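Contents: one structure, followed by commentary.
We count ligands from 1, going down the list as the structure has it; atoms in each ligand are counted the same way. Numbers here simply count residues along the sequence, with the first being 1. Quantities reported herein were computed from a predicted structural model and do not represent experimental measurements.
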Amino acid sequence: MNVPEIFGENVFNLQVMQEKLPKEVFKSLKKTIDEGRPLDPTIAGVVANAMKDWAVEKGATHYTHWFQPMTGITAEKHDSFISPTKDGKVIMEFSGKELVVGESDASSFPNGGVRATFEARGYTAWDPTSFAFIKDGTLCIPTAFLSYGGEVLDKKTPLLRSMAVLNEQALRILRLFGNKTVRHVHTTVGAEQEYFLIDRKMYDARKDLVFSGRTLFGAKAPKGQELEDHYFGPIKLRVSAFMRDLDEELWKLGILAKTKHNEVAPSQHELAPIFTVTNVASDQNQLMMETMKKVASRHGLYCLLHEKPFAGINGSGKHNNWSMSTDTGLNLLDPGSTPAENGQFMLFLTAVIKAVDEYPDLLRLSVASAGNDHRLGGNEAPPAIVSVFVGEELEEIIDSLVKGVQYKGRKKGVMKLGVDTFPELPKDTTDRNRTSPFAFTGNKFEFRMLGSTFSIAGPNIMINTIVADSLRQYADELEGAKDFNAALHDLVARELKAHKRIIFNGNNYAPEWAEEAEKRGLPNLRTCADALPHFADKKNIELFERNKVFTEREVRSRMEIMLENYSKVLTIEALTMIEMAKKDIYPAVNEYLSELCSAAYRKEQMGGCTKSDRELIQKLSADNEAMYFAAGDIEKLLVEAKEVSGAEAAARFFADKVIPAMQRLRAYADEMELNTAKKYWPFPTYGDILFSVS
Ligand code: ADP
Ligand code: MG
């Protein structure tokens with residue numbers, strides 16, 4: 001495989017644009033892309049035609065506006081390029097209008113009350129900063145999705161808005177440091193993706209995996225991850241064939257797939273791309289997840305992206321590595337080596353620390369889902385308490401700034417930002433803490449609370465907005481300062497002092513941290529039901545309105561969608577459990593019991609059934625009965641849940657009532673699995689599934 005040759009071959013990228021477009025059109029489009037502005041309508045026709053010719057040459061027959069509604073996945077409606085001619089034939093056509101906006105009946109997408117179904121129209125608008133690409137014979141145009149009233153119905157629009165406000169505020173700061181050359185500040189993201197790969201036959205045999213993406217039953221297998229022999233272990237041939245195929249597909253789509261390895265749990269793996277501009281990283285992560293599923297099926301495998309497919313072993317997350325970069329190639333979170341650079345670095349770092357300390361609730365709720373609730377705080381992922389890791393060295397520097405004392409890394413004198421030399425920071429600050437939810441890793445922050453199925457758009461909307469808001473306040477203050485250096489120093493020292501409580505370098509998995517965090521006044525929002533309602537807190541609505549990322553109506557609709565999603569997911573899981581319990585497990589155990597009973601009966605006639613016969617029969621009968629009634633309890637609760645009014649109260653009801661009932665049901669079933677002969681158990685066990693790929 002010639003990688004440089006195939007890389008991006010299915011993408012209408014800058015190189016193709018330059019080749020296919022008239023010089024002036026290319027220049028205009030390039031400017032639009034660089035500055036993140038909407039497409040100039042006067043060139044749309046030419047661009048559309050060139051795009052179509054290129055796509056048709058590559059065998060495409062259709063185009064689609066590829067968008068990201070609030071379902072968390074992508075949506076596409078394919079239209080062919082055909083246009084009839086007088087002689088009864090067709091030609092391939094694609095107009096500028098069709099490229100720029102698409103209309104789509106939006107009534108069936110989640111909208112959280114923003115739009116009643118009778119006003120069904122939504123429209124999609126091309127995001128020219130994310131290149132069009134060909135997927136399965138269709139030209140895909142990455143687009144934003146809005147209602148006719150202009151309200152956002154998707155994840156891309158607010159992400160672009162948050163990137164725009166961060167750009168605006170970061171530029172103000174850079175100008176204060178005398179930088180006149182930078183024209184644009186982008187946020188960048190590298191999203192590390194974890195996933196499980198299991199044999200397709202195992203997947204098909206489990207209704208819970210099919211309906212809910214995770215196992216709702218399953219006793220612990222004799223072997224799990226305790227030997228720690230899977231992490232970075234040699235990759236099995238079948239998996240490596242999958243990975244090779246996947247890399248090839250991703251490279252063709254212009255995705256910088258870089259690192260692949262086995263993860264902690266058996267059958268678990270990770271893929272990390274090289275970072276890129278956030279909205280592109282977000283589109284590409286969606287494409288990556290979709291491609292993983294597709295390629296897996298070609299290999300007779302199934303790719304599980306759920307946060308917690310199996311109880312008792314690690315679930316899957318997604319690490320969101322985030323930074324800010326200028327169009328001149330400067331990473332704003334890279335510690336510099338001159339005093340001015342260091343002052344600037346410290347200001348941006350402080351802005352992030354302040355942002356996280358003021359809005360930990362927003363970060364937490366941006367990663368809230370029924371699936372991710374299983375991971376956060378489970379000693380495999382960071383807890384639900386948000387804190388920042390900066391490493392010992394930076395913490396000492398922060399301490400000396402706060403206290404106005406000498407930093408031990410310096411020979412003499414109190415450190416002053418901006419005027420004095422800031423101690424040089426090692427560039428490769430190794431991050432030894434893997435337990436922190438928000439860790440500074442040398443030149444970027446790694447937000448580690450995302451679940452593996454998440455669109456990274458949501459969490460990045462939050463990070464961009466809250467950091468932009470810190471920068472706005474800093475710019476307001478510093479723009480009015482008489483002595484910039486003195487004001488900078490005072491601001492950084494004051495702000496670090498005010499927000500130091502969010503910094504924690506210890507073990508975030510330790511129970512003592514929860515206590516300590518409570519003393520520090522940091523929120524611990526354990527479940528979706530605890531976290532999501534904070535979206536509409538007054539301070540948060542004000543933040544989003546101030547930064548023009550969401551209107552109050554948009555915040556409320558999004559919160560509603562997320563809360564409803566939680567209850568819906570749990571309803572599906574509960575119904576699947578009931579079905580499996582009553583239709584599969586109960587009859588299977590009864591059949592086994594019947595065999596046990598007839599054996600015991602015959603033994604009795606031959607001189608006596610044993611104590612073990614009696615005990616097993618009694619135990620299985622009792623557990624099966626208990627499971628049956630536990631399923632009935634859930635049925636009753638689901639009826640009750642329908643009567644609960646309001647999305648918030650419903651979510652609470654599911655968290656407090658339905659989940660514990662589901663756990664009770666599962667406990668009986670898992671116990672019976674351990675006591676039932678293999679040939680009677682109605683589905684593959686954890687051992688079968690987790691070690692299914694050889
Ligand atoms: P690890 O977290 O496993 O130590 P790395 O530090 O090499 O791995 O990088 C993890 C991810 O962070 C990669 O996707 C990488 O491209 C990304 N990354 C590196 N620098 C930046 C940056 N400035 N902005 C955003 N992401 C970055
Ligand atoms: Mg990482």
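- Aromatic ring pairs are classed by plane angle as parallel below 30°, tilted from 30° to 60° and perpendicular above 60°; the pair H306 and H374 is tilted.
- The residues E248 and R244 are annotated as not salt-bridged, no charged nitrogen and carboxylate oxygen being separated by less than 4.0 angstrom.
- Residue N331 places a heavy atom less than 4.0 Å from ligand 1.
- Considering backbone and side-chain N/O of V189, none are found under 3.5 Å from N/O of ligand 1.
- For F447 and F438, the gap between ring centers is short of 6.0 Å.
- Annotation: T188 places an N or O atom under 3.5 Å from an N or O atom of ligand 1; distance criterion only.
- An N or O contact shorter than 3.5 Å is missing between A191 and ligand 1 by distance.
- Among the candidates R161, K155, K156, the single residue satisfying the salt bridge (charged side-chain N to carboxylate O under 4.0 Å, His left out) test with D127 is K156.
- Among H319, Q193, E270, R434, the residue whose heavy atom sits closest to atom 1 (P) of ligand 1 is R434.
- Below 4.0 Å from some heavy atom of P273 lie the following atoms of ligand 1, by number and element: 13 (C), 14 (O), 16 (O).
- Of the charged side-chain nitrogens involved, none lies within less than 4.0 Å of a carboxylate oxygen, so that D245 and R238 do not count as a salt-bridged pair.
- Every atom of ligand 1 with a heavy atom of G190 under 4.0 Å away is listed here by number and element: 14 (O), 25 (C), 26 (N).
- Residue contacts with ligand 1 for E446 involve side-chain atoms from C-beta outward but no N, CA, C or O (heavy atoms, distance under 4.0 Å).
- Atoms of ligand 1 lying under 4.0 Å from at least one heavy atom of I274, given by number and element, are 16 (O).
- Salt bridge status for K500 with E395: present, with a side-chain N to carboxylate O gap under 4.0 Å.
- Rounded to the nearest 0.5 Å, atoms CG (L197) and CE (M292) are 9.0 Å apart.
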